[in-house]
Amino acid sequence: MIREAKREDLQEILELYLCLHETSVPEASEHLTAAWEQILRDENHHLIVNEVDGKIVASCVCVVIPNLTRNVRPYAFVENVVTHSEHRGKGYATQCLDYAKAVAEKDNCYKMMLLTGSKEQKTLDFYAHAGYNCTDKTAFIQWL
């Protein structure tokens, strides 16, 4: 079942992120709670989860960003696309990306963007199959 995250999903999402790039689940803190509350309140921040048999197995984030160009149409940024290692190859992340696309279309976004740090051809092919291309723009990152 594809849906947006609920308040009680936090721990399960943090554990899923261990399959992304995290090495540990953050300890409970005021900072973590404040960030989670901000995500839940922000109508432009969509933390999308795919739940199978009561367990979150895949997720992505879609943030709709207001914009003053392109006829004042927003754009969407997709991040933290992840599927639990035991559930890969079953279409769960694709369903999350499809949900994100529906959010972006509903909000009249003129484009969607995502970045990946992966160099694995399988991952790059996955994004290409989902409709993303790596030829229209050049991405630059500055780590802080």
Side-chain angles (χ1 to χ4, degrees), residues 1-67 70 73-144:
M1 171 178 56
I2 303 291
R3 61 176 175 80
E4 298 216 21
K6 300 181 286 194
R7 185 171 314 287
E8 58 269 19
D9 292 330
L10 176 60
Q11 190 62 34
E12 205 170 345
I13 291 167
L14 293 175
E15 290 170 9
L16 177 63
Y17 284 168
L18 293 173
C19 295
L20 184 61
H21 52 66
E22 296 299 306
T23 57
S24 64
V25 173
E27 291 186 29
S29 67
E30 287 182 25
H31 181 66
L32 175 62
T33 300
W36 182 235
E37 291 298 324
Q38 183 177 358
I39 288 167
L40 292 173
R41 281 192 313 269
D42 186 344
E43 66 183 26
N44 288 323
H45 194 129
H46 304 269
L47 203 164
I48 300 157
V49 298
N50 196 336
E51 185 178 16
V52 176
D53 297 327
K55 179 163 177 53
I56 295 173
V57 299
S59 180
C60 75
V61 171
C62 177
V63 179
V64 175
I65 301 167
N67 182 38
R70 305 284 180 155
R73 290 177 64 196
Y75 57 93
F77 188 79
V78 175
E79 185 64 90
N80 296 337
V81 180
V82 61
T83 302
H84 193 283
S85 55
E86 296 173 5
H87 296 274
R88 291 188 178 144
K90 299 176 183 172
Y92 298 133
T94 298
Q95 292 171 347
C96 289
L97 290 177
D98 289 346
Y99 187 105
K101 184 177 180 181
V103 166
E105 289 174 335
K106 178 186 73 67
D107 286 350
N108 196 33
C109 292
Y110 78 94
K111 71 176 176 182
M112 295 180 73
M113 298 184 296
L114 70 76
L115 300 174
T116 181
S118 178
K119 305 293 185 236
E120 290 185 34
Q121 193 61 47
K122 182 178 176 182
T123 302
L124 302 177
D125 290 345
F126 166 74
Y127 290 127
H129 186 262
Y132 294 86
N133 76 69
C134 59
T135 58
D136 288 347
K137 298 267 185 173
T138 301
F140 290 87
I141 305 280
Q142 182 178 69
W143 296 102
L144 304 175

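Note that CD1 of I56 is 9.5 Å distant from SG of C96, once rounded to the nearest 0.5 Å. The distance from atom OG1 of T94 to atom NE2 of H129, rounded to the nearest 0.5 Å, is 7.5 Å. Rounding to the nearest 0.5 Å gives a distance of 4.5 Å between OG of S59 and OH of Y17. Residue E22 holds its CD atom at 13.0 Å from CD of E15, rounded to the nearest 0.5 Å. Here H45 contributes atom NE2 and I65 contributes atom CD1; the two are 10.5 Å apart, rounded to the nearest 0.5 Å. Remark: L124 CG to T116 OG1 distance equals 6.5 Å, nearest 0.5 Å.
A 4.5 Å side-chain heavy-atom check between K111 and K137 finds at least one atom pair inside the cut-off. Side-chain contact between Q142 and L144 is present, with at least one heavy-atom pair separated by less than 4.5 Å. The closest side-chain heavy-atom distance from R88 to C19 is below 4.5 Å. At least one side-chain heavy atom of D9 sits less than 4.5 Å from a side-chain heavy atom of R3. Counting heavy atoms from C-beta on, the side chains of C62 and I48 come closer than 4.5 Å. Under the 4.5 Å side-chain criterion, counting only non-hydrogen atoms from C-beta, V49 is not in contact with K55.
A104 and A76 get closest at one heavy-atom pair: CB-CB, 3.9 Å. Minimum interatomic distance between L20 and V81 (heavy atoms only, all atoms of both residues): CD1-O, 3.4 Å. Pairing each heavy atom of H87 with each of Y92, the nearest pair is O-CD1, 3.5 Å.
Among R7, E4, K6, the one residue that satisfies the side-chain contact (heavy atoms from CB on, under 4.5 Å) test with L40 is R7. Checked against V103 for a side-chain contact (heavy atoms from CB on, under 4.5 Å), the options V78, V64, N44, D98 give a single hit: V64.
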Steps toward side chain to side chain contact (heavy atoms under 4.5 Å, CB included) verdict (L97, M112): CA-CA 10 Å; L97 290 177; M112 295 180 73; over 6 Å; no
Derivation and outcome, side chain to side chain contact (heavy atoms under 4.5 Å, CB included), residues L32 and L14: CA-CA 11 Å; L32 175 62; L14 293 175; 4.0 Å; yes
Might you work through the side chain to side chain contact (heavy atoms under 4.5 Å, CB included) test for W36 and L47, ending with a clear yes or no? CA-CA 10 Å; W36 182 235; L47 203 164; 3.7 Å; yes
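In terms of modelled atom types and a separation under 3.5 Å, the side chain of D107 and the main chain of C109 share no donor-acceptor contact. One N or O on the side chain of H46 and one on the backbone of E43 form a donor-acceptor pair closer than 3.5 Å.
For the pair K122 and E120, the salt-bridge criterion is not met [side-chain N within less than 4.0 Å of a carboxylate O].
In this structure, Q38 places its CD atom where only 12 or fewer heavy-atom neighbours from other residues, nucleotides or ligands lie under 6.0 Å away. For Q121, the CD atom counts as densely surrounded, since its 6.0 Å shell holds more than 12 non-hydrogen atoms of other residues, nucleotides or ligands.
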